[in-house]
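Read the structure below first, then the notes.
Every chain is numbered from 1 and lettered A, B, ... according to where its sequence line falls, protein lines coming before strand lines.
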2 protein chains.
Amino acid sequence: MINVEKTKKRPYHHGDLRDALLRAGEQALETGGAQNLSLRELGRELGVSHTAFRRYFVDRQALLDGLALEGFERLRTTLTKAVADRNQDFEARLIKLARAYVRFSTKYPALTALMFTAKHNPAAPPELIEASERTFAIGPLVVEEGQVAGEVVQGDSLLLSLAASSSVEGLIAMSRNGKFKGIPLDRLLGEVIQRIVLGLRPRN
Amino acid sequence: MINVEKTKKRPYHHGDLRDALLRAGEQALETGGAQNLSLRELGRELGVSHTAFRRYFVDRQALLDGLALEGFERLRTTLTKAVADRNQDFEARLIKLARAYVRFSTKYPALTALMFTAKHNPAAPPELIEASERTFAIGPLVVEEGQVAGEVVQGDSLLLSLAASSSVEGLIAMSRNGKFKGIPLDRLLGEVIQRIVLGLRPRN
DNA sequence: ACCTGAACACCGTTCAAGT
DNA sequence: ACCTGAACACCGTTCAAGT
């Protein structure tokens, strides 16, 4: 009998309490928002003491930071996939990028809000800041490739992409339930991106 | 002796507890953020029972809503003044509008964040939603006047202004301490607005 | 190494009562 | 009309102790 010392090796409750906390935490986050996430309630849910989390997250904020970190990594792989095809023109790639971001934010609104405030928080752990910056480096990259293809005016790609990315960020910020004034973001996106692309086009 | 019945007409502590709560609340908001605003602490600060606020605000959220409402009204008069001069061209007015908003948000970051989440909250009182909509109706208005002057392409002013306002909203969202990647928002604003104006210009 | 349980110092909300 | 004070049901965090 190999590998069967059930009551010895296995910890009190879970095989992986850390992950269980993140999963339950994310659920709680989307259900009631960050401010209503309760560590004691999470403990009850997982059949564990309300102080058990401390081995994995020093405090409540650390758990929220952990959730935000996961969010950034998930968003990054999503966005990376969205612009993977380099045979498309600049406008098409920009729309795909924006749409992927919008989809993510409407699918996980509370997580997106959490990521947003984490980015804003000066006391956020550097780990989190870096994850955020890696994620939002994709925009400037697409702009640079657009410049190489002659579809985008020359200049600092960071500044140029700012016009594009800020408008998408703002579109999401201004929306509720994935809508703005009742119109789905997906429909508005094309309109906005089109204006942005016109503004970024080389003057001839 | 007219007007001197001190101990009779005057209430237990304040002449205007409601306003005192708003003032202390706003201070607490900018100091520690909405989540750290404590009604009991406010009560202590004002030398009043921790349940006294209940006459004016049914619960904690109602006080926060009251602060957000004040914020929207203050922002609206600021923005209105910023674009009051109709003898300027579209780009100049748009920059003034954006700059005024950016200034407000860097001056009252926590209040702006509160207004932001209030707008997002589906359960927010209609009073608050209306105040928000009145405030952000200024953007489309400036666009419409730009259309009349022939400086902006024809089309739905709401959709066209969305490109402009969302980029400003996003610029603020993406910034920290009024800066983005270390560059002051005021400097970035011109760059972004210029792109937007180019994108909105009539094709000929 | 991983988790528990009691103790501590806070909360917001309710409600009967006081002036 | 305006405010108090006790009571209630929650919190997050700390820390010594258990397995």
Restricting to side chain to side chain donor-acceptor pair (under 3.5 Å), what partner residues turn up for B:Asp65, sequence neighbours left out? B:Gln61
I'd like to check the side chain to side chain donor-acceptor pair (under 3.5 Å) partners of B:Arg23; sequence neighbours left out, ordered by chain and number. B:Asp19, B:Glu26, B:Glu70
To the nearest Å, how far apart are [X] [atom1] and [N] [atom2]?
X: B:Leu17; N: D:dT4; atom1: CG; atom2: C1'; answer: 13 Å
X: B:Phe57; N: C:dT13; atom1: CZ; atom2: P; answer: 13 Å
X: B:Arg54; N: C:dT14; atom1: CZ; atom2: C1'; answer: 7 Å

Does the pair B:Asp186/B:Arg103 count as a salt bridge with the N-to-O cut at 4.0 Å? yes
Using a strict threshold of under 4.0 Å (side-chain N to carboxylate O), is an ion pair present between B:Arg93 and B:Glu145? yes
For the student: nearest non-hydrogen atoms of [X] and [Y], plus distance:
X: B:Ala24; Y: B:Leu42; answer: O-CD1, 4.1 Å
X: A:Ala173; Y: B:Phe116; answer: CB-CE1, 3.3 Å
X: A:Arg176; Y: B:Asn121; answer: NH1-O, 3.1 Å

For DNA chain D, find the residues of residues 22-33 of chain A with a heavy-atom distance under 4.0 Å and give them by number; none if there aren't any. none
B:Glu169 side, atom CD; A:Ser167 side, atom OG - distance, nearest 0.5 Å: 12.0 Å
Can you check whether B:Arg55 has a side-chain N or O nearer than 4.0 Å to OP1 or OP2 of D:dA1? no
DNA chain D: stems of at least 3 consecutive Watson-Crick or G-U pairs, cut-off 3.5 Å? C:4-8 with D:12-16, C:12-16 with D:4-8
Picking from D:dT4, C:dC3, D:dC2, the nucleotide nearest the side-chain atoms of B:Ala52 would be D:dT4
Over 12 non-hydrogen atoms of neighbours within 6.0 angstrom of NZ in A:Lys96: no
Across all chains, not counting sequence neighbours, the ring pair (Phe, Tyr, Trp, His ring centres under 6.0 Å) partners of B:Phe53 are none
Within the side chain of B:Arg195, is there an N or O that forms a donor-acceptor pair under 3.5 Å with the backbone of A:Gly199? yes
Whether each nucleotide of nucleotides 6-12 of chain D has a protein heavy atom under 4.0 Å at its base (B), only at its sugar-phosphate (S) or at neither (-) is summarised, 5' to 3', as -----BB
